[in-house]
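In the text below, chain A, chain B and the rest are named by the order of the sequence lines, each starting its count at 1.
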Amino acid sequence: MWPTTIPAAIALQEELRSKIVVADDFGTVTRVAGVDVGFEDEGTTARAAVVVLSFPELRPLDYALVRAPTPFPYVPGLLSFREIPVVLDALAQLAQPPDLLICDGQGIAHPRRLGIASHLGLLVDIPAIGCAKSLLIGHHPSLPATKGSQVRLPIAANTSVSC
DNA sequence: GCGACAG
DNA sequence: ATCTTGTCGC
């Protein structure tokens, strides 16, 4: 069953965090999937879109678009409970299952090390990368001023939190 | 107590 | 995330 309350969701994260395996090697990747979720009807409907590309060619191989009732409110730190259910439905419809997932949200750079990418990857047992557009917690060193600069930052920098 | 807070 | 208007860059 899926958590319905904030305490239950946090408890589940605490339970799952130990299962996370941090890796810099994703093994042999043949198909990579881009995953994202949008909302309709004032947030009451969740819409998942998954596209599978060949790797490294990046040719579209498959995709799925699924809508379902939104199961959980947006709570910073608990995004996965709002977006994952409909994503699971979409992933189940793929004829070409991916070897790697790239999600719009945090991975282990999360208060309890379980951002949506980590959570989803754990549930479907597929390596996942969190590709968030902004920071949820922590800090990082100042970045190069030039767009496209190659930098190597600590994973989930300064994640000292008291949540 | 106050501010911050993925999408 | 979504909505909506104005502005910017190619």
Side-chain angles (χ1 to χ4, degrees), chain A residues 2-24 26 32-53 63-94 98 100-124 126-143 145-149 151-163:
Chain A
W2 201 246
T4 296
T5 67
I6 291 177
I10 293 177
L12 182 53
Q13 289 184 327
E14 294 289 10
E15 180 186 328
L16 295 177
R17 64 182 302 174
S18 61
K19 292 184 162 186
I20 292 295
V21 175
V22 180
D24 54 8
F26 299 104
V32 59
V35 182
D36 196 14
V37 175
F39 295 90
E40 304 173 348
D41 311 323
E42 302 173 70
T44 59
T45 298
R47 162 183 23 80
V50 178
V51 61
V52 181
L53 308 178
Y63 76 91
L65 185 55
V66 174
R67 272 169 242 264
T70 304
F72 203 90
Y74 170 67
V75 180
L78 302 179
L79 178 67
S80 62
F81 296 95
R82 178 174 174 78
E83 302 194 344
I84 281 185
V86 69
V87 169
L88 293 179
D89 288 345
L91 289 176
Q93 292 193 5
L94 296 174
L100 175 66
L101 304 173
I102 296 183
C103 310
D104 189 350
Q106 309 293 348
I108 58 177
H110 176 279
R112 288 167 295 283
R113 298 273 117 133
L114 206 79
I116 185 170
S118 306
H119 194 167
L120 179 60
L122 215 48
L123 293 185
V124 298
I126 296 176
I129 297 174
C131 189
K133 298 181 292 298
S134 63
L135 221 48
L136 173 59
I137 54 163
H139 298 85
H140 63 75
S142 58
L143 301 174
T146 305
K147 187 190 305 179
S149 296
V151 296
R152 182 71 177 178
L153 300 176
I155 293 178
N158 305 342
T159 310
S160 54
V161 184
S162 55
C163 292

Could you tell me the separation between the CG atom of A:L136 and the P atom of B:dG3, rounded to a whole number of Å? 19 Å

Nearest-angstrom distance from the residue atom CG of A:L78 to C1' of B:dC5: 11 Å

Need one value for A:G38: base, sugar-phosphate or nothing, where a base atom within 4.0 Å counts as base even if backbone is also close, heavy atoms only. sugar-phosphate

To the nearest Å, give me how far apart CG (A:L135) and C1' (B:dC5) are. 11 Å

I want to check one thing: is the phosphate of C:dT2, taken as OP1 and OP2, less than 4.0 Å away from some side-chain N or O of A:R47? yes

For atom CD1 of A:I137 and atom P of B:dG3, their distance in whole Å: 21 Å

Are A:L114 and A:L122 close enough, and set up right, to give a side chain to side chain contact (heavy atoms under 4.5 Å, CB included), and what steps lead you there? CA-CA 9 Å; A:L114 206 79; A:L122 215 48; 4.2 Å; yes

Using the side chain to side chain contact (heavy atoms under 4.5 Å, CB included) rule, take A:H110 and A:H119 through it: C-alpha gap first, then chi angles, then the decisive distance, then the call. CA-CA 11 Å; A:H110 176 279; A:H119 194 167; over 6 Å; no

Qualifying residues under salt bridge (charged side-chain N to carboxylate O under 4.0 Å, His left out), relative to A:K133, sequence neighbours excluded: A:D104

Separation of B:dC5 atom P from A:R112 atom CZ, nearest Å, is 16 Å

Geometric class of the A:F72/A:F81 ring pair [parallel <30°, tilted 30-60°, perpendicular >60°]: tilted

For A:F39, report the nucleic acid contact type (base, sugar-phosphate, nothing); a contact means any heavy atom under 4.0 Å. sugar-phosphate

Whole Å only: how far is the NE2 atom of A:H140 from the C1' atom of B:dA6? 14 Å

Using the six-membered ring for Trp and the full ring for Phe, Tyr or His, decide whether A:Y74 stacks on the six-membered base ring of C:dA1 (centres under 5.5 Å, planes under 30°). no

Rounded to the nearest angstrom, tell me the gap between atom NE2 in A:H139 and atom P in B:dA6. 14 Å

Under 4.0 angstrom, heavy atoms only, what part of the nucleic acid is A:I116 near: base, sugar-phosphate, or nothing? base

Classify A:G130 by what it touches in the nucleic acid, base, sugar-phosphate, or nothing, heavy-atom distance under 4.0 Å. nothing

Rounded distance in Å - CZ (A:R82) to P (C:dA1): 11 Å

Under the salt bridge (charged side-chain N to carboxylate O under 4.0 Å, His left out) test, residues paired with A:R47 that sit two or more places apart: A:E40

